[in-house]
A.B. asks: 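Pasting a structure here, questions to come.
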Amino acid sequence: AKTEKQIEIDLERAIQNDELVLHFQPLLDTIDYSIVGAEALIRWQHPTKGMIPPYSFIPIAENSDLILTLGQWILEAACIQARKWQDINIPHFRTCVNISARQFQSKNFVDTVRNALKKSNLDPSRLELEITEGMVIGDTEAVAKKLEILAGLGISLAIDDFGTGYSSLAYLKRFPVHQLKIDRSFIRDITEDYDAAAITDAVIRLGHSLGLTVVAEGVETEEQVKILRQKGCDVLQGYYFSKPIPADELEQWVSSLGDRKFG
């Protein structure tokens, strides 16, 4: 196996040589299965090794400052793609970008977001940033301020992997977030595990009581769809609907949505 250092060097070269590409996984409205979002996910098309999955390089990037360069690349590329979608006749949906802890904590993060919006000339209502629960625990004042500035730009904020942290729920009231994403581990077990079902139920109720939209990610079966619809979950995402696909494929997928039968 290559050393982390070597992967870092290769990855830096990959950013310069345009070897990175975004795929997008649709998020669908539970009621009518219309598209409401698409999560941008990074892929590395290595010239000799082919497609390298994110789990084999993202954690390494996260251990170095490379995650800042990579994160900025993802954000800018996602905004540019979202701007293309804004310009064509395709239903309005948000492009969702995952933000890493280091990125979020860096001093110039807000400027990076502002610049990505300016560079792409994207309508901010078409961008959603996903941060994890763990990132907002701690220095509440500073985090709240940062989130308020971001929300003030007109973009949407989501808490990803919700339910896995043991944080106080008070922060949800304090922060201007719009969306909770239930961690996929609960969704996976929702059909046979009473606890997973109960937690999912609780998160949906909690989210709704705070006026938030609740998303289930990792939806893979018809049975899961049925239960989540019964529980009143707002948005569904997962392989049951589509795997992450290139931008042009997503456009085709969206245009044929009317012909698809889900649930």
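This is a predicted model, so every value here is computed, not measured.
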A.B. asks: Once rounded to the nearest 0.5 Å, what's the spacing between atom CG of Leu70 and atom CG of Leu20?
C.D. replies: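 So the gap between those two atoms works out to 6.5 Å.
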A.B. asks: Over all heavy atoms of both residues, which pair between Pro124 and Leu153 is shortest? Give the atoms and the distance, please.
C.D. replies: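 Between these two residues, the closest heavy atoms are CB-O, 3.2 Å.
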A.B. asks: Output all residues satisfying side chain to side chain contact (heavy atoms under 4.5 Å, CB included) with Pro59, sequence neighbours left out; order by chain, then residue number.
C.D. replies: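 So Pro59 forms no side chain to side chain contact (heavy atoms under 4.5 Å, CB included) with any residue.
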A.B. asks: Out of curiosity, Ser106 OG to Leu68 CG, how far, rounded to the nearest 0.5 Å?
C.D. replies: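 It is 5.5 Å, given to the nearest 0.5 Å.
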A.B. asks: Going by the rule side chain to side chain donor-acceptor pair (under 3.5 Å), which residues pair with Ser34 if we only count those two or more places apart in sequence or in a different chain?
C.D. replies: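 In terms of side chain to side chain donor-acceptor pair (under 3.5 Å), with neighbours along the sequence ignored, Ser34 is linked to Asp32.
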A.B. asks: Any side-chain donor paired with an acceptor under 3.5 Å for Asp248 and Gln252?
C.D. replies: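 There is no such pair (donor and acceptor under 3.5 Å, judged by atom type) between the side chains of Asp248 and Gln252.
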A.B. asks: Nearest heavy-atom pair of Leu180 and Gly207: which atoms, and what distance?
C.D. replies: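 Taking every non-hydrogen atom into account, CD1-CA, 4.0 Å.
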A.B. asks: Hey, any chance Ile99 and Ile149 share a hydrophobic cluster, counting ILVMFWY side chains that come within less than 4.5 Å of each other, even indirectly?
C.D. replies: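 In one cluster: yes.
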A.B. asks: Side-chain contact, heavy-atom cut-off 4.5 Å: Val21 with Ile42?
C.D. replies: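 SC-SC contact between Val21 and Ile42 ruled out.
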A.B. asks: Is there a side-chain contact between Ile159 and Lys181 in this structure, where contact means two heavy atoms from C-beta onward sitting under 4.5 Å apart?
C.D. replies: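 A side-chain contact is absent here, since even the closest heavy-atom pair is not under 4.5 Å.
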A.B. asks: Working note: Leu147 + Phe175, criterion side-chain contact (heavy atoms from CB on, under 4.5 Å); need CA distance, chi angles, decisive distance, verdict.
C.D. replies: CA-CA 7 Å; Leu147 291 175; Phe175 297 155; 3.6 Å; yes
A.B. asks: Test Ile190 against Glu223 for side-chain contact (heavy atoms from CB on, under 4.5 Å), laying out the working first.
C.D. replies: CA-CA 9 Å; Ile190 195 172; Glu223 177 102 37; over 6 Å; no
A.B. asks: Is there side-chain contact between Trp85 and Leu122, with heavy atoms separated by less than 4.5 Å?
C.D. replies: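 SC-SC contact between Trp85 and Leu122 ruled out.
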A.B. asks: Are Phe162 and Glu133 close enough that some pair of their side-chain heavy atoms sits under 4.5 Å apart?
C.D. replies: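 Touching, per the 4.5 Å side-chain cut-off.
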A.B. asks: Do Ile60 and Ile15 belong to the same hydrophobic cluster, where Ile, Leu, Val, Met, Phe, Trp and Tyr are linked whenever their side-chain heavy atoms lie under 4.5 Å apart, directly or via other members?
C.D. replies: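 Linked within one cluster.
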A.B. asks: Of all the heavy-atom pairs spanning Ala78 and Val97, show the shortest one and how long it is.
C.D. replies: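 For Ala78 and Val97, the tightest heavy-atom pair comes out as CB-CG2, 3.5 Å.
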A.B. asks: Could you walk me through whether Tyr194 and Ile199 pass side-chain contact (heavy atoms from CB on, under 4.5 Å), step by step?
C.D. replies: CA-CA 9 Å; Tyr194 179 79; Ile199 288 170; over 6 Å; no
A.B. asks: Using side chain to side chain contact (heavy atoms under 4.5 Å, CB included) as the criterion, list what pairs up with Asp234, not counting sequence neighbours.
C.D. replies: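 Once residues adjacent in sequence are excluded, the partners of Asp234 under the side chain to side chain contact (heavy atoms under 4.5 Å, CB included) criterion are His208, Thr213, Val214.
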A.B. asks: Taking all heavy atoms of Gln224 and all of Gly218, pick out the closest pair and write down the distance.
C.D. replies: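 Nearest pair, atom of Gln224 first, then Gly218: OE1-O, 3.9 Å.
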A.B. asks: Return the set of residues passing side chain to side chain contact (heavy atoms under 4.5 Å, CB included) with Thr30 (not counting sequence neighbours), or none when no residue passes.
C.D. replies: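 Only Arg229, Leu236 meet the side chain to side chain contact (heavy atoms under 4.5 Å, CB included) criterion with Thr30.
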A.B. asks: Measure across Cys96 and Glu130 and return the closest heavy-atom pair with its distance rounded to 0.1 Å.
C.D. replies: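 Smallest interatomic distance, heavy atoms only, reads CB-OE2, 3.4 Å.
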A.B. asks: Roughly how far, to the nearest 0.5 Å, is the CG atom of Asp195 from the CG atom of Asp201?
C.D. replies: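 Spacing of CG (Asp201) from CG (Asp195) equals 12.5 Å.
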A.B. asks: How long is the gap from CZ on Arg188 to CD on Glu220, to the nearest 0.5 Å?
C.D. replies: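 The distance works out to 9.0 Å.
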A.B. asks: List in chain and number order the residues that pass side chain to side chain donor-acceptor pair (under 3.5 Å) with Asp123, two or more places apart in sequence or in another chain; answer none if no residue qualifies.
C.D. replies: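 Scan of Asp123 (side chain to side chain donor-acceptor pair (under 3.5 Å), adjacent residues dropped) gives Ser125.
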A.B. asks: For residues 112-119, which side-chain N or O atoms pair as donor and acceptor with protein atoms under 3.5 Å away, sequence neighbours left out?
C.D. replies:
unit_1	atom_1	unit_2	atom_2	d
Thr112	OG1	Asn108	O	2.9
Arg114	NH1	Asp111	OD1	3.4
Asn115	ND2	Asp111	O	3.2
Lys119	NZ	Glu76	OE1	2.9

A.B. asks: Quick test of your reading of the model: are Arg174 and Glu141 salt-bridged, counting only N-O distances below 4.0 Å?
C.D. replies: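 So Arg174 pairs with Glu141 through a salt bridge.
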A.B. asks: Side chain to side chain donor-acceptor pair (under 3.5 Å): which pairs involve residues 51-69, sequence neighbours left out?
C.D. replies: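 Output for this query lists Asp65-Arg102.
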A.B. asks: Taking all non-hydrogen atoms of both residues into account, name the closest pair between Ile187 and Glu217 and its distance.
C.D. replies: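 Between these two residues, the closest heavy atoms are CG1-O, 3.4 Å.
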A.B. asks: Give, for atom CG of Asp183 and atom OG1 of Thr132, the distance between the pair rounded to the nearest 0.5 Å.
C.D. replies: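 Between Asp183 CG and Thr132 OG1, I get 10.5 Å after rounding to 0.5 Å.
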A.B. asks: Could you check whether atom CD1 of Ile31 has more than 12 heavy atoms from other residues, nucleotides or ligands sitting under 6.0 Å from it?
C.D. replies: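 Count not over threshold, so no.
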A.B. asks: Is any side-chain heavy atom of Phe241 closer than 4.5 Å to a side-chain heavy atom of Ile35?
C.D. replies: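 They are not in contact (no side-chain heavy atoms under 4.5 Å apart), so the answer is no.
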A.B. asks: Would you say Leu41 and Leu75 are hydrophobically clustered, going by side-chain heavy atoms of ILVMFWY under 4.5 Å?
C.D. replies: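 As far as the 4.5 Å side-chain criterion goes, Leu75 and Leu41 are not connected within one cluster.
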A.B. asks: Using atom types as modelled and distance alone, determine if a side-chain donor or acceptor of Ser100 lies under 3.5 Å from a backbone N or O of Gln103.
C.D. replies: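 Confirmed, Ser100 side chain pairs with Gln103 backbone.
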A.B. asks: Considering only Ile, Leu, Val, Met, Phe, Trp and Tyr, and joining two whenever side-chain heavy atoms are under 4.5 Å apart, list the other residues clustered with Val36.
C.D. replies: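 Members besides Val36, by chain and number: Leu27, Val215, Val235.
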A.B. asks: I would like to know whether Leu150 and Phe104 meet side-chain contact (heavy atoms from CB on, under 4.5 Å); could you show each step before the answer?
C.D. replies: CA-CA 11 Å; Leu150 291 166; Phe104 184 71; 4.2 Å; yes
A.B. asks: Measuring from atom CD1 of Ile80 to atom OG of Ser120, what distance do you get when rounded to the nearest 0.5 angstrom?
C.D. replies: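 If I round to the nearest 0.5 Å, the distance is 6.5 Å.
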A.B. asks: Using modelled atom types only, decide if a donor and an acceptor are shared between the side chain of His178 and the backbone of Leu157 within a distance under 3.5 Å.
C.D. replies: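 Yes.
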A.B. asks: Is there side-chain contact between Arg94 and Gln179, with heavy atoms separated by less than 4.5 Å?
C.D. replies: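 Yes - at least one pair of side-chain heavy atoms lies under 4.5 Å apart.
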A.B. asks: Quick check on the hydrophobic clustering: are Ile131 and Leu210 connected, directly or via other members, by side-chain heavy-atom contacts under 4.5 Å?
C.D. replies: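 In one cluster with Ile131: Leu210, yes.
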A.B. asks: Is Glu8 paired with Lys5 through a side-chain N to carboxylate O contact shorter than 4.0 Å?
C.D. replies: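 Salt bridge between Lys5 and Glu8, a charged N being under 4.0 Å from a carboxylate O: yes.
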A.B. asks: Are Pro26 and Val254 packed together at the side-chain level, in the sense that at least one heavy-atom pair is separated by less than 4.5 angstrom?
C.D. replies: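 Result no, sub-4.5 Å side-chain heavy-atom pair not found.
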A.B. asks: Which residue pairs pass the side chain to side chain donor-acceptor pair (under 3.5 Å) test when at least one of the two sits in residues 11-26, sequence neighbours left out?
C.D. replies: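 Applying side chain to side chain donor-acceptor pair (under 3.5 Å) to every pair that reaches into residues 11-26, excluding sequence neighbours, yields Glu19-Trp44, Gln25-Gln237.
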A.B. asks: For Arg83, what residues pass the side chain to side chain donor-acceptor pair (under 3.5 Å) criterion, not counting sequence neighbours?
C.D. replies: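 By the side chain to side chain donor-acceptor pair (under 3.5 Å) rule, Arg83 matches Asp87.
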A.B. asks: Taking side chain as C-beta onward, heavy atoms only, is Phe24 less than 4.5 Å from Glu249?
C.D. replies: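 No, every pair of side-chain atoms sits at 4.5 Å or beyond.
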A.B. asks: I'd like to check the salt bridge (charged side-chain N to carboxylate O under 4.0 Å, His left out) partners of Lys146; sequence neighbours left out, ordered by chain and number.
C.D. replies: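 Lys146 satisfies salt bridge (charged side-chain N to carboxylate O under 4.0 Å, His left out) with no other residue.
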A.B. asks: Test of understanding: with side chain to side chain donor-acceptor pair (under 3.5 Å), list the residues that count as partners of Asp193, not counting sequence neighbours.
C.D. replies: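 Residues passing side chain to side chain donor-acceptor pair (under 3.5 Å) with Asp193: none at all.
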A.B. asks: State yes or no: do Leu250 and Ile88 share one hydrophobic cluster built from I, L, V, M, F, W and Y residues joined by side-chain heavy-atom distances below 4.5 Å, directly or via other members?
C.D. replies: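 Per the 4.5 Å side-chain linkage, Leu250 and Ile88 are co-clustered.
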